[in-house]
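Each chain gets a letter, A, B and so on, in the order its sequence line appears, and its residues count up from 1. Values in this document were obtained by computation on a predicted structure and should not be read as measured data.
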2 protein chains.
Amino acid sequence: MLARPALSDAPVQSAHDRVYRGLRQQVMLGELAPGTALTLRGIGTSFGVSMTPAREAVRRLTAEGALTLSASGRITTPELSNERIEELASIRALLEPELASRALRRAHLALIDRMESINEANARAIHTQDPVAYIRTNLEFHRSLYLRAQSPAMLGLLETVWLQLGPTMRALYTRLRRTTAPPHHRLILEALRAGDDAALRLAVRTDVTQGLRHLQV
Amino acid sequence: MLARPALSDAPVQSAHDRVYRGLRQQVMLGELAPGTALTLRGIGTSFGVSMTPAREAVRRLTAEGALTLSASGRITTPELSNERIEELASIRALLEPELASRALRRAHLALIDRMESINEANARAIHTQDPVAYIRTNLEFHRSLYLRAQSPAMLGLLETVWLQLGPTMRALYTRLRRTTAPPHHRLILEALRAGDDAALRLAVRTDVTQGLRHLQV
DNA sequence: CATTCCGAAATGTGATCACAAACCGAGCGC
DNA sequence: GCGCTCGGTTTGTGATCACATTTCGGAATG
């Protein structure tokens with residue numbers, strides 16, 4: 001079908017992996033509203049593959065909480081209850097300060113500069129009212145820091161939490177209608193520059209909980 | 001046999017779900033040594049199904065970290081590096097005290113009694129040198145407490161950590177050759193009876209880290 | 001005796017098909 | 001007008017097949 005030169009770092013992408021990555025990104029970035037229905041045949045044709053790879057990708061994403069299967073096997077993006085949102089937020093509040101703290105020692109100036117530029121892109125996304133770009137830059141801001149923690153398992157767990165929150169994040173964003181950048185990003189950057197572990201943990205924690213705590217579906 | 005209320009309890013067991021549950025239990029309880037090779041056809045025939053449900057179960061378990069796929073797609077149980085074991089242990093040390101603390105308010109006397117009887121079964125498993133029974137009762141001890149936390153997402157994350165540690169736990173057990181029950185289980189029970197949150201968190205944390213911290217592959 | 005090479009066996013991948021269950025809307029009865 | 005039923009259509013599930021790739025043991029070679 002479509003031959004594509006691999007410009008990314010992944011050398012060979014099996015069909016189910018392409019589907020997995022594509023769907024995962026759509027879910028994590030909030031391109032799909034909560035409760036959106038998907039079908040194996042629809043996914044397959046939209047990615048140019050048969051049902052088999054689509055099924056494997058869905059099974060994988062369901063295991064990660066990115067998708068929900070009804071009792072009869074129908075596929076939807078998750079619709080989270082308020083309790084579930086609270087719980088996922090508290091998991092973020094548990095994991096992210098720990099990851100930030102672990103990254104603190106290894107956070108060189110180049111990283112902080114890069115986070116600063118990501119944060120500017122984040123502010124632009126807010127200004128242009130682009131929810132997907134806002135979510136993407138926000139996650140990139142956090143992930144670029146946590147990558148330095150050298151804790152792949154913990155980061156992996158956190159990403160599944162982000163995945164579960166993806167569709168809801170989009171819904172929350174449109175409800176919130178931000179006009180100004182999240183203030184805690186600046187605090188995070190300042191704590192990083194100062195090398196202040198306690199301040200960093202606190203800034204990350206409040207940044208994580210602030211967005212999710214009191215605006216719920 | 002004890003009922004095992006996991007995060008998803010479907011009354012109808014489709015073929016791939018039976019395979020998933022079966023393999024998951026084998027991995028989590030340490031019935032498979034690290035690096036054990038599996039094949040789709042082998043799994044299929046051993047569960048009396050074709051390759052298709054076996055593939056879905058493997059994909060699901062791989063997403064949870066219970067199995068590892070080589071670059072060419074071969075299926076093995078994970079062989080963890082020392083750093084990975086350390087990291088998973090620290091994740092347990094992060095999640096389990098939180099779950100215990102959340103369960104503390106709801107831990108009635110009936111629960112504590114049940115945990116005590118599970119702990120006795122755990123001691124018997126040590127006495128009879130039964131690694132699988134030891135791992136199972138140990139996990140049951142913790143899970144029966146954490147279920148009271150009413151935090152399904154957090155418990156789900158923790159179970160994927162247990163899954164990843166399953167094969168290694170077995171290897172560690174045979175290396176350790178315990179002859180006496182883990183002392184911290186008593187401390188956990190005492191803290192529960194006293195309603196002492198700080199003591200409970202500490203007891204759980206040390207129980208979790210003690211077994212994994214200093215005996216590595 | 002160790003190393004390399006080759007081919008048969010094994011293995012994962014993706015496509016296709018048959019089938020039962022679920023879903024949904026039109027039509028009917030009340 | 002409203003609820004229920006019934007039919008066609010959609011959808012997930014599992015089996016089977018063809019095929020490319022990997023794996024691995026043994027033979028050939030030095």
Exercise for the section: Identify whether any heavy atom of B:L38 sits under 4.0 Å from a base atom; if not, whether one sits that close to sugar-phosphate; answer base, sugar-phosphate or nothing. Expected result: sugar-phosphate
Handout entry: Gap between atom CD of A:E98 and atom CG of A:L94 - 0.5 Å precision
Key = 8.5 Å
Exercise for the section: Just call it for A:T52: base, sugar-phosphate, or nothing, with non-hydrogen atoms closer than 4.0 Å on any strand. Expected result: base
Handout entry: Interatomic distance where CG belongs to A:L40 and P belongs to C:dT16 [whole Å]
Key = 15 Å
Fill in the blank from the handout: Rounded to whole Å, the CD-C1' distance (A:Q13 to C:dT13) equals 15 Å
Fill in the blank from the handout: Value for CD (B:E56) from OH (B:Y20), rounded to nearest 0.5 Å, stands at 13.0 Å
Completion exercise
Of B:R74 and B:S50, the one whose nearest nucleotide on DNA chain D sits closer to the 5' end is B:S50
Practice task
May I have the distance from B:I43 (atom CD1) to C:dG12 (atom P), rounded to whole angstrom?
Solution key: 8 Å
Fill in the blank from the handout: A:R55 atom CZ is separated from C:dT13 atom C1', nearest whole Å, by 13 Å
Completion exercise
To the nearest angstrom, the CZ-C1' distance between B:R18 and D:dT13 comes to 13 Å
Exercise for the section: Just compare C:dA22, D:dT16, D:dT13 and give me whichever is closest to any side-chain atom of A:R41. Expected result: D:dT13
Problem - A:Q25 atom CD: more than 12 heavy-atom contacts under 6.0 Å - result: no
Handout entry: Length of the CG-C1' vector between A:D17 and C:dT13, whole Å
Key = 12 Å
Problem - Spacing of A:E56 atom CD relative to D:dG12 atom P, expressed in whole Å - result: 15 Å
Exercise for the section: To the nearest Å, give me how far apart CZ (A:F47) and C1' (C:dG14) are. Expected result: 16 Å
Problem - Residue closer to the 5' end of DNA chain C, A:P53 versus A:S72 (nearest nucleotide) - result: A:P53
Exercise for the section: Check every strand shown and say whether B:I75 touches a base, only sugar-phosphate, or nothing at a heavy-atom separation below 4.0 Å. Expected result: sugar-phosphate
Problem - Presence of B:R59 side-chain N/O under 4.0 Å of C:dT13 phosphate oxygens OP1/OP2 - result: yes
Practice task
Could you tell me if the ring centre of B:Y146 sits under 6.0 Å from that of B:H142?
Solution key: yes
Completion exercise
Assert: residue with more 5' nearest nucleotide on DNA chain C, out of B:T39 and A:H16, is B:T39
Practice task
Working to the nearest 0.5 Å, report the span between CD of B:Q150 and CZ of B:R102.
Solution key: 11.0 Å
